[in-house]
Amino acid sequence: MSLKNSVKKCISLIAAAVMLCTLLASCAPKPQDVFKQEADSWFEGFSDAQTAAKPTVSYQYSKNGSIAVSKPSISVVEADRSISDYYEKLKNEFINKAVSDEDKLLISYKSFKASEDITGIEVSSKQTLSGTQSQYIKTFNYDSQGLVELDDTLRRITMIHARDLVLEDQRYGSSVDKVKLKDSTDYQLLYTDSGIDVIYSSNALTSQTDEHITVHVPYSKIRFALPESIKAGVVSDDSVRTVDITKKLVALTFDDGPSSIYTDQILDVLETYDSVATFFDLGCIMENAPQAMQRASQLGCEMGSHSYSHKNLKKASVEKIKEEISSTDAVFEKILGYKPTLLRPPYGEVGSDLKENCDKYLIGWSVDTLDWKYRDKDKVIESVKSEGNLDGDVILMHSIYKSTAQAVEELVPWLIENGYQLVTVSELMKYRYETEMEPGKYYANQFFESHK
Ligand code: ZN
């Protein structure tokens, strides 16, 4: 091609481009196209890769309010009807209120395959009415028969974990009202591919956000309570102990240690049966058996304080109370790297000075084996077995007697055979009593009796 020809071609291209630009500028984009574009870009944020729930997309532009929807078509009749009804309800409510072309309603959904059989659908809608925007979410879970509800156990364990996750969330955890969180029924549940989403309505828990608060409870944490089809696909992680709330829960507690001999014997039994207990150790002897404390902690046992020198903290001065607690904290932290959150007051003696000057949860017991008095393995065993139903009980023992360590060898397998799961005190309070403990409050016989 000659230079002259190239220049000619170039000029004609420029001319064409100029013409095209003039043409485009002369016809401003139609409002219905703008609306469609806006809807399409919002739809892009939704994925439907997981299911065969094919979307039907429609746009309805009007000067009195426009609607765009992306809706799943599901072969399960009941689910399809419920979702369709919900879409219709949103549309009708919108149409009744919409007046201008600024008013818009967009509806779309995400779908999740929880198992071969179970699908979760999350429908989101975004509407603008008289300049005010609002968003809503509604969830649907279904299997081949129709819509499915979570059973009571699954719902309860999911919500226990959800509450923790909300409080741990740095965005709003600290602003969440704990009472509201405990009592809230203003949430929806969604089966996803890896866990259950708990979606709290906006303002249900805190005024800090006007968006929904969503937390994700992984299936691995709630495996025991899942429907069979989901459970089959969840790899159980043996390194993480999970609390199974379908079992009876009991907390063994051991005071007055650590003992370089008997604490280890008790831990041998607990390790063999993949179980845990709670140890309330004395500050003044912790450095005699630091390895026993470290081993217990590593096995998942809960480590608490039993004061420094076994003083009666009901009779002690405020100054003495503070000193007993802080000096125990110091040696405890030196050995384990953290401070205890639990305190078992010596002799179970609690007065107002202790309650007011203690940053820990005060823990008593509901079953006293009197092992310190009998020093007899069989009597210790009998005192537990004769209690009847131990679900929710905190059993008091001491980790400094041979007879107690021997009793534990028989008691732990007996408890497991009888359907109990051994948990720590904090786990018992969380899973069995669903109680958010308060520092300085004494959880003893009266509490356990009235909540059992
Ligand atoms: Zn004691």
Side-chain angles (χ1 to χ4, degrees), residues 250-267 270 276-290 292-293 296-297 301-317 320-332 335-336 339-351 353-355 357-358 360-377 379-380 383-384 393-408 411 424-426 428 440-448:
V250 66
L252 298 183
T253 64
F254 299 94
D255 290 7
D256 295 1
S259 152
S260 57
I261 304 168
Y262 304 119
T263 302
D264 263 321
Q265 286 187 11
I266 292 164
L267 292 175
L270 294 172
V276 292
T278 303
F279 293 86
F280 294 103
D281 290 334
L282 287 167
C284 66
I285 56 167
M286 283 179 182
E287 287 191 290
N288 296 346
M293 290 178 70
S297 183
C301 290
E302 186 163 27
M303 309 305 288
S305 167
H306 192 38
S307 83
Y308 192 82
S309 60
H310 215 276
K311 275 264 169 329
N312 183 329
L313 299 181
K314 189 178 183 179
K315 294 178 179 162
S317 66
K320 186 68 187 164
I321 289 171
K322 289 181 175 173
E323 187 197 313
E324 283 279 327
I325 294 173
S326 65
S327 54
T328 308
D329 280 1
V331 58
F332 189 104
I335 293 169
L336 294 176
K339 284 183 186 167
T341 56
L342 308 183
L343 172 73
R344 170 160 287 158
Y347 316 102
E349 291 275 22
V350 174
D353 280 347
L354 175 59
K355 287 183 176 179
N357 292 282
C358 182
K360 304 186 192 309
Y361 312 124
L362 302 170
I363 306 296
W365 56 85
S366 57
V367 175
D368 189 351
T369 61
L370 296 174
D371 60 335
W372 58 274
K373 192 170 166 186
Y374 299 133
R375 312 272 179 101
D376 180 322
K377 160 190 110 144
K379 281 193 174 163
V380 174
S383 74
V384 174
D393 273 320
V394 175
I395 298 175
L396 171 62
M397 287 186 272
H398 297 80
S399 55
I400 50 171
Y401 305 114
K402 188 180 178 184
S403 47
T404 299
Q406 289 171 330
V408 168
L411 275 175
T424 66
V425 167
S426 289
L428 188 77
K441 189 168 169 183
Y442 189 33
Y443 299 89
N445 220 357
Q446 204 183 3
F447 172 88
F448 298 116

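For ligands, and for the atoms within them, numbers begin at 1 and follow the listed sequence.
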Is the backbone of [Y] close enough, under 3.5 Å, to the side chain of [X] for a donor and an acceptor to pair up by distance?
X	Y	result
E349	L313	no
T369	L396	yes
D371	M397	no

Task: Polar protein atoms (N, O or S) that approach the Zn ion (ligand 1) to under 2.8 Å - done: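 Hits for the Zn ion (ligand 1) below 2.8 Å: D256 OD1, H306 NE2, H310 NE2.
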
Task: Spatial distance of atom CZ (F280) from atom CZ (R344) [nearest 0.5 Å] - done: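 The CZ atom of R344 is 4.5 Å from CZ of F280, to the nearest 0.5 Å.
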
Task: Which atom of K311 lies closest to which atom of E324, heavy atoms considered - done: CG-OE2, 3.5 Å

- [ ] Using a 4.5 Å cut-off on heavy atoms from C-beta on, say whether the side chain of T341 contacts that of E302.
- [x]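 Answer yes - side chains close enough.
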
